[in-house]
Novice: 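Questions regarding the structure given below will be posed in turn.
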Amino acid sequence: MNKGCLQSEMVTQGVARAPHRSLFYAMGYTPADLKKPLIGIVNSFNEIVPGHIHLRDLAQAAKLGVAAAGGTPVEFPVIGICDGIAMNHDGMKYPLASRELIADSIETMSVAHKFDGLVLVGNCDKIVPGMLMAAARLNIPSVYVGGGPMLTGNYAGDDADLVRPLFEAVGAYAVGAITAAEMAEMEQGSCPTCGSCSGLFTANSMNCLVEALGIGLPGNGTIPAPYGRRKALAKLAGQQAVQMVREKIRPRDIMTLEAFKNAIALDMAIGGSSNTVLHLLAIANEAGVPLRIEDFDEISTRIPNITKLSPGGPYHLFDLYVAGGISAVLKQLAEADLLYPETKTVTGGTLLENISRASVRNQEIIRPLDNPYSQEGGIAILKGNLAPDGAVVKQSAVAEEMLRHSGPARIYNSEEEAFEAIMNGKINKGDVVIIRYEGPKGGPGMREMLSPTSAITGMGLDKDVALITDGRFSGGTRGASIGHVSPEASEGGPIALLLEGDLIEIDIPNRTLNVQLTEEELATRRSNWQQPAPKVTGKSYLARYSALVTSSSTGAVLKTPEQ
């Protein structure tokens, strides 16, 4: 590689950099190492996230790949939160906010040390988008490789995962449908290996979308975490990062508007997590791509839903892997002219070239486009006088009888209040549970509501009760759970003006979410509304986050100085 073409030369070459080289030598690097591309291996390994507990091995494989391709690997860490362990207490205020910390810390390390490229080794919910936000912001050659999904669990002879039956068992236990011994058995069998939880929850959704976006290698979404092929994928990612430096392939060459629309199309086809809306908008913002929340709904209306993975169906990521993986789904979409097939990817080839050899091996797990589970995609964007800027629902996980629903509002100003009411049997059939002041700013941190939704489902009320929030729902949520209501309550959005008993009207097929109130009545209530005191004050990160975070309808990104 010609002198002057590597940005790492700012810390490795020339007389003025003799002190810098000395510091490298102190760590065991050689003069030859410093003449090669420096590739940062961003490792989110820790011992609190099952999706990350094995990432030391993957980072090592990536380093071997970098070295084999003629680069010098340099590993550094980044944080990662387990959403499942953070769930249903004040710890859940932090996962979404951690996305920005992850991006910022990668930027900080990469610019300070002048890496030529990156291999981003992640897996779980906010780590994936945080890493991709950093890649888009830095725009240096980068490859993402995930840790892979865990193998499917088992309970009483049936497939099991963290949500079905375990989170839902909390509600079942509350109504006496299962015993403590049965719940203990579920605990032991639902999460059997390392890896991201085995359903199509947020982590696996994002790892799948990485393939369509082109920033990860084929197989990233579905190769199981314990498999040797997962280590091989990490090694290939390391090799490819070096090749991207040589060919000057950068993330913004890959993450174009067409690539984001490919990712959304895949999302709709597989019925991914509603959180993908937040994350794709945030990544696009960093890439300078004009993606809009309305794009999700436009694409949803023309992309059929052709897989039914947990929580919306009986299958898991392992089943999708065996059936042909994400490449097989993408190939079906490409053959029907539902993708932009010529988008560039980290392989150096196009998306179409990456998927050319794929095939569907099980037409029940990956259905043909002319025999879908539903004619529309997995996610819908609702608007109306309750959500003028939009709300998000995973319609592929909603029972048919709840696609249209009217019912009285049951108002709760926090997740804790709502969960207590649900567990104490205070919610009746037909009710619409409103959980507000849990948005990006008001929460702060836009908590996921997996515990309330799972409890409702476990009690057998998922076909009778809807939940609406300015917070989020987990990728593991099923039922008529509508989140991301915007503007949020703390900003004076209409959800803040609701009173107990107001009639809420949900019409998912027609994309509407309304409260049966006149504009005059809403205006009167707005004039009397008083903003509550912030839930978090002082010097904490959350207080600073709350002051800077923007609406969920734009990805809950942070304000810039220009704003």
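In this text the structure is predicted, and so the values were computed from the model without any measurement.
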Novice: If we only count heavy atoms from C-beta on, is the L138 to V111 side-chain gap below 4.5 Å?
Specialist: yes

Novice: Do NZ/NE/NH1/NH2 and the carboxylate oxygens of D83 and K126 come within less than 4.0 Å?
Specialist: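 Looking at K126 together with D83, the answer is yes, because their closest N to O distance falls below 4.0 Å.
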
Novice: Inspect the contact between R56 and E75 and indicate whether a charged nitrogen and a carboxylate oxygen are less than 4.0 angstrom apart.
Specialist: no

Novice: Any carboxylate oxygen within less than 4.0 angstrom of a Lys/Arg side-chain nitrogen, looking at E438 and K535?
Specialist: yes

Novice: Kindly compute the distance separating CD1 (I299) from CG (N262), expressed to the nearest 0.5 Å.
Specialist: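 Spacing of CD1 (I299) from CG (N262) equals 8.5 Å.
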
Novice: One thing to verify: whether D297 and R292 come together as a salt bridge, which I'm taking to mean a side-chain N less than 4.0 angstrom from a carboxylate O.
Specialist: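 Looking at D297 together with R292, the answer is no, because their closest N to O distance does not fall below 4.0 Å.
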
Novice: Contact between I223 and N220 at the side-chain level, heavy atoms closer than 4.5 Å - yes or no?
Specialist: no

Novice: Quick one, E294 with K383, criterion salt bridge (charged side-chain N to carboxylate O under 4.0 Å, His left out). Give me CA distance, side-chain angles, the key distance, then yes/no.
Specialist: CA-CA 10 Å; E294 290 80 8; K383 290 192 175 184; 2.7 Å; yes

Novice: Do E100 and R544 sit within salt-bridge range, that is, some charged N less than 4.0 Å from a carboxylate O?
Specialist: no

Novice: Regarding T202 and N275, is there a side-chain donor-to-acceptor distance under 3.5 Å anywhere?
Specialist: yes

Novice: Tell me the closest heavy-atom pair linking V485 and L386, and the distance in Å.
Specialist: CG1-O, 3.5 Å

Novice: For H54 and P50, which heavy atoms make the closest approach, and how far apart are they?
Specialist: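 Here H54 and P50 meet closest at ND1-O, 4.0 Å.
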
Novice: Is a donor on one side and an acceptor on the other found under 3.5 Å between the side chain of Q239 and the backbone of L64?
Specialist: no

Novice: Could you measure the distance from the CZ atom of R230 to the CG atom of L55? Nearest 0.5 Å is fine.
Specialist: 10.0 Å

Novice: Quick check: do H113 and L38 have side-chain heavy atoms less than 4.5 Å from each other?
Specialist: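 Counting from C-beta outward, H113 and L38 never come under 4.5 Å.
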
Novice: If I take atom CD from residue E448 and atom OG from residue S474, how far apart are they, to the nearest 0.5 angstrom?
Specialist: 4.5 Å

Novice: Return yes when atom CD1 of I85 has more than 12 non-hydrogen atoms of other residues, nucleotides or ligands closer than 6.0 Å, and no otherwise.
Specialist: yes

Novice: Which pair of heavy atoms, one from N207 and one from N123, lies closest together, and at what distance?
Specialist: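 In this case the closest contact between N207 and N123 is ND2-O, 2.8 Å.
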
Novice: Could you tell me how the ring of F76 sits relative to the ring of F115: parallel (under 30°), tilted (30 to 60°) or perpendicular (over 60°)?
Specialist: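 Answer is parallel, since the angle falls under 30°.
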
